[in-house]
Protein chains: 2
Amino acid sequence: MYSGCVSTAERLIESTRELLWERGYVGTSPKAILERAGAGQGSMYHHFTGKPDLALAAIRRTAEELRATAEGVLDGPGTPYERIEAYLLRERDVLRGCPVGRLTMDPDVIADDALRAPLDETLDAIRERLAGIVEEGKEQGQFGPDVDGEAIAATVLATVQGGYVLARASGSPAAFDAGVRGLLSLLRPHDHPTV
Amino acid sequence: MYSGCVSTAERLIESTRELLWERGYVGTSPKAILERAGAGQGSMYHHFTGKPDLALAAIRRTAEELRATAEGVLDGPGTPYERIEAYLLRERDVLRGCPVGRLTMDPDVIADDALRAPLDETLDAIRERLAGIVEEGKEQGQFGPDVDGEAIAATVLATVQGGYVLARASGSPAAFDAGVRGLLSLLRPHDHPTV
DNA sequence: GTCTATAAGTGGATAGAC
DNA sequence: GTCTATCCACTTATAGAC
């Protein structure tokens, strides 16, 4: 049960965030949220219009938080390669999966544009930021002149999201780490033949 | 509603496979399965002990089918690079996601070793097959001597699984295609500096 | 084998007391 | 604002008729 010296609405949102991460949207009931938040039915329907409304608030916050974390690493110090490496190697609770990515497998989230929007915006923003870094690396000669920033950015993000899938299937973070290691070996700067 | 000239048990399994793909395990109710299969409660509990038992049969079949499809492409003709390319470019209904991969986000599947096992076995088999192909490519000089087959295999599989995530978030297959394109550009054979 | 009937519990939401 | 009571449909399963 979520506890802390905060408002009921706040506790409801935080409880929902936890449950959405653990069980997804379909797997999360108002009852479970209320139990964890230590609140009654009335509180929830006073602050929110219903489950979708509360979930929207929770998803928005989770998406913003993930975006801030990712951009914090990507805007850090180092060469373009080093920043992508830092992003790929940053500490993650791999077996929990990505709190944003996992929601894309939720039919009720994907069916609702309002619920899907925060996922799209966050993943897209990270992708754009990665693409810019790759282009930077190209200009500096760290990556070959023939690489496509947008494409590589999608590959990097997909490797992370897919790494979670492989890890959860096997019950071990090893597959995630292997995928990241493989990608880094492919990205690692070496002499580029001038097209 | 699923129809066809087959046994009731068969229709139940096929209906479950469809629903598990569309809505996951938590989002699939016996009632929905029975409606689609055109069967009554009694039929289901006659052939299976309950929802988990029926889901297990469905998941096993889906996992085997995916494995056969993937290995069919990977064991096809062509150089190692071409076979990996064929795997990455094979026709997919991208926005539906991977029928196996999506189940890894289902808490009740991951919590049950019997339900999780088929996912693990299938993804692991594809990974092993990919790793072997990369090693083959190394021997033939198509890939550099420093690449790690196991790691690259995980990267390839993760890019596919993560591509589904990005595509579903954006509501378009474009991100999947971009990720694959980026990966292929990184894998494409070129002159390798001898370590 | 397949059907309907039944049942205890949950899902999601409303009403009204305090 | 928060609580409890109430509601109806759904979930999962069992019982027993045909």
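Note that the structure is predicted; figures quoted are calculated from it, not measured. Per chain, numbering begins at 1; letters A, B, ... match sequence-line order.
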- prompt: For B:T79 and B:Q140, does a side-chain donor sit closer than 3.5 Å to a side-chain acceptor?
  reply: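 Absent: no donor and acceptor within the cut-off.
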Quick check on the hydrophobic clustering: are B:I84 and B:V147 connected, directly or via other members, by side-chain heavy-atom contacts under 4.5 Å?
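Linked within one cluster.
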Q: Check every nucleotide of DNA chain C for an atom under 4.0 Å from a heavy-atom of chain B, then give the first and the last such nucleotide from 5' to 3'.
A: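 Contact span on the strand: C:dG1 to C:dT4.
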Any salt bridge between [X] and [Y], counting N to O under 4.0 Å?
X	Y	value
A:R61	A:E10	yes
A:D75	A:R83	no
B:E14	B:R11	no

Which parts of residues 45-61 of chain B get close to DNA chain C, meaning a heavy atom less than 4.0 angstrom away?
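Going residue by residue through residues 45-61 of chain B, the ones with a heavy atom under 4.0 Å of DNA chain C turn out to be B:H46, B:H47.
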Let me know the distance between [atom1] of [X] and [atom2] of [N], rounded to the nearest Å.
X	N	atom1	atom2	value
B:I33	D:dC10	CD1	C1'	14 Å
B:M44	D:dT11	CE	P	12 Å
B:Q41	D:dT11	CD	P	10 Å

A:K51 to A:Y25 six-membered ring, cation-pi geometry met (6.0 Å, 45°)
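Yes, A:K51 lies over the aromatic ring of A:Y25.
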Less than 6.0 angstrom from the centroid, inside 45 degrees of the normal: does B:R102 satisfy that with respect to the ring of B:W21?
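That pair does not qualify as a cation-pi contact.
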Tell me, which pairs form a side chain to side chain donor-acceptor pair (under 3.5 Å) where one or both residues lie in residues 158-170 of chain B, sequence neighbours left out?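 Only A:T159-B:T159, B:R92-B:Y164 qualify under side chain to side chain donor-acceptor pair (under 3.5 Å).
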